[in-house]
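What follows is a set of notes on a single structure, which appears directly below.
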Amino acid sequence: MSLLVVLLSVGAAACLGFGFVLQQDAARRAPMSDFLSPRLLLDLMKVRSWLAGIAFMVCGMVLGALALGQGELSVVEPLLATNLLFALGLSRALTGQPLGRQGWGGLALLSCGVAAFLLAGQPTGGQAETDPLRHWLIIGVVVGLALVLAASARHARPAVAPSLLALAAGLLYGLQDALTRESGQLLTDGGWPALVGSWQPYTVLVIGVTGLVLVQSAFEMAPLRMSLPALTAAQPLAGIACGIGFLGDQVRTDPAALAGQAAGLAAIVAGIVLLGLHPALPGGKGGGAHPARDLLPTEGGGI
């Protein structure tokens with residue numbers, strides 16, 4: 001595991017975390033008639049804070065793609081999960097809310113979980129899976145689960161729907177990371193003709209837009225603490241599954257290593273939940289003033 005991969009991954013996590021906070025602040029004021037509709041993105045484009053959040057997100061995706069080009073998905077994904085630390089850091093700066101035992105405990109669990117998974121698994125690269133059936137089976141399972149979760153959110157209670165949408169988006173983003181790595185490998189091996197002539201980059205674009213609609217709809221419905229933990233937890237789990245499933249990533253499989261990896265993933269999820277429920281994260285619709293509203297004023301009449 002190179003220092004460059006770590007720096008790129010953590011830099012991507014920082015951009016993603018900052019971007020999520022700014023996006024949710026704008027999306028929470030969008031009309032509910034835009035729920036799960038591409039119109040939501042068109043309306044949000046009028047809000048400067050949302051555009052700033054998207055700019056951070058794009059920077060994060062670029063840094064993440066560079067990290068995936070240098071390292072294994074099973075290494076990059078746990079590091080990307082630290083985006084919640086940066087989201088909480090920005091929210092804390094805006095709200096003045098101290099971390100307290102909950103914040104420090106979540107930070108310790110998330111950080112130690114990432115370290116435990118990487119040290120126990122020692123992920124390495126390998127030969128990508130060439131069996132198309134296995135490749136499409138894993139993709140189909142991930143996409144199918146995401147579709148089921150998104151469809152369920154339409155009929156779920158308001159307290160549950162944002163988490164379902166965030167889980168669906170997280171699964172898609174994990175798959176997007178895997179296909180981004182495949183696209184980078186195609187570019188390296190065959191140049192631009194190979195990349196343009198393959199289906200992976202176009203699928204990455206479709207998944208990105210779909211995930212964006214799901215995330216913004218989740219942000220629109222409820223406080224960030226009800227969606228970001230699910231999003232942050234689902235993405236690395238889906239990404240690691242794809243990395244091992246069809247990208248050839250290898251981890252240690254002796255009993256002690258598997259126990260360490262399981263403990264690390266459990267600590268990551270527990271830390272994400274603790275941090276996601278922290279009161280420093282912004283509220284939802286009607287949740288009162290939020291300092292980020294004044295950070296970047298709206299344009300074009302707002303939403």
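Just so it is clear, the model here is predicted, and its values are computed rather than measured.
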Atom of [X], atom of [Y] and distance for their closest heavy-atom approach:
| X | Y | value |
| --- | --- | --- |
| Val21 | Ala87 | CG2-O, 3.5 Å |
| Val75 | Leu118 | CA-CD2, 3.8 Å |
| Ile272 | Ala81 | CD1-CB, 4.4 Å |
| Gly264 | Ala116 | CA-CB, 4.0 Å |
| Leu175 | Cys242 | CD1-SG, 4.0 Å |
| Ser183 | Pro201 | OG-N, 3.6 Å |

Looking at [Y], is its backbone amide N or carbonyl O close enough to the side chain of [X] to form a donor-acceptor pair, meaning the two atoms are under 3.5 Å apart?
| X | Y | result |
| --- | --- | --- |
| Tyr173 | Pro236 | no |
| Asp177 | Gly174 | no |
| Ser198 | Leu195 | yes |
| Gln261 | Ala257 | yes |
| Arg181 | Glu72 | no |

Atom [atom1] in [X], atom [atom2] in [Y]: separation rounded to 0.5 Å?
| X | Y | atom1 | atom2 | result |
| --- | --- | --- | --- | --- |
| Leu247 | Gln185 | CG | CD | 9.5 Å |
| Glu77 | Leu68 | CD | CG | 7.0 Å |
| Leu172 | Leu214 | CG | CG | 6.5 Å |
| Ser49 | Leu44 | OG | CG | 8.5 Å |
| Leu212 | Ile207 | CG | CD1 | 13.5 Å |
| Ile240 | Leu73 | CD1 | CG | 7.5 Å |

Indicate if [X] and [Y] have the same hydrophobic cluster label, given that clusters are the connected sets of ILVMFWY residues with side-chain heavy-atom separations under 4.5 angstrom.
| X | Y | value |
| --- | --- | --- |
| Val114 | Leu119 | no |
| Leu231 | Val58 | yes |
| Leu8 | Leu187 | no |
| Val206 | Val141 | no |
| Leu85 | Leu274 | no |

- Message: Within the 4.5 Å heavy-atom criterion, are Ser74 and Ile244 side-chain neighbours or not?
- Response: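 When only atoms from C-beta onward are counted, Ile244 and Ser74 do touch, with a gap below 4.5 Å.
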- Message: Quick check on Met61: does its CE atom have over 12 non-hydrogen neighbours (other residues, nucleotides or ligands) under 6.0 Å away?
- Response: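 Incorrect, the count does not exceed 12.
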- For atom CH2 of Trp199, is the number of surrounding heavy atoms from other residues, nucleotides or ligands below 6.0 Å larger than 12?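 Yes, CH2 of Trp199 has more than 12 neighbouring heavy atoms, counting only those of other groups under 6.0 Å.
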- Task: Identify which one of Leu90, Thr82, Leu88, Leu84 satisfies the side chain to side chain contact (heavy atoms under 4.5 Å, CB included) criterion when paired with Phe86.
- Result: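 When Leu90, Thr82, Leu88, Leu84 are each tested with Phe86, the side chain to side chain contact (heavy atoms under 4.5 Å, CB included) holds only for Thr82.
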- Name the one of Ile138, Leu137, Ile139, Leu133 that satisfies side chain to side chain contact (heavy atoms under 4.5 Å, CB included) with His135?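 That would be Ile139; it is the only one of Ile138, Leu137, Ile139, Leu133 passing the side chain to side chain contact (heavy atoms under 4.5 Å, CB included) with His135.
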- Message: Please verify the inter-ring angle class for Phe219 with Phe20; under 30° counts as parallel, over 60° as perpendicular, anything in between as tilted.
- Response: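 If you compare the ring of Phe219 with that of Phe20, the planes turn out perpendicular.
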- Task: Decide yes or no on side-chain contact (heavy atoms from CB on, under 4.5 Å) for Leu16 and Met57, but give the supporting numbers first.
- Result: CA-CA 5 Å; Leu16 291 172; Met57 188 176 185; 3.9 Å; yes
- Message: Under the side chain to side chain donor-acceptor pair (under 3.5 Å) test against Trp50, which residue among Gln23, Gln216, Gln24 passes?
- Response: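 It is Gln216, the one option of Gln23, Gln216, Gln24 that forms the side chain to side chain donor-acceptor pair (under 3.5 Å) with Trp50.
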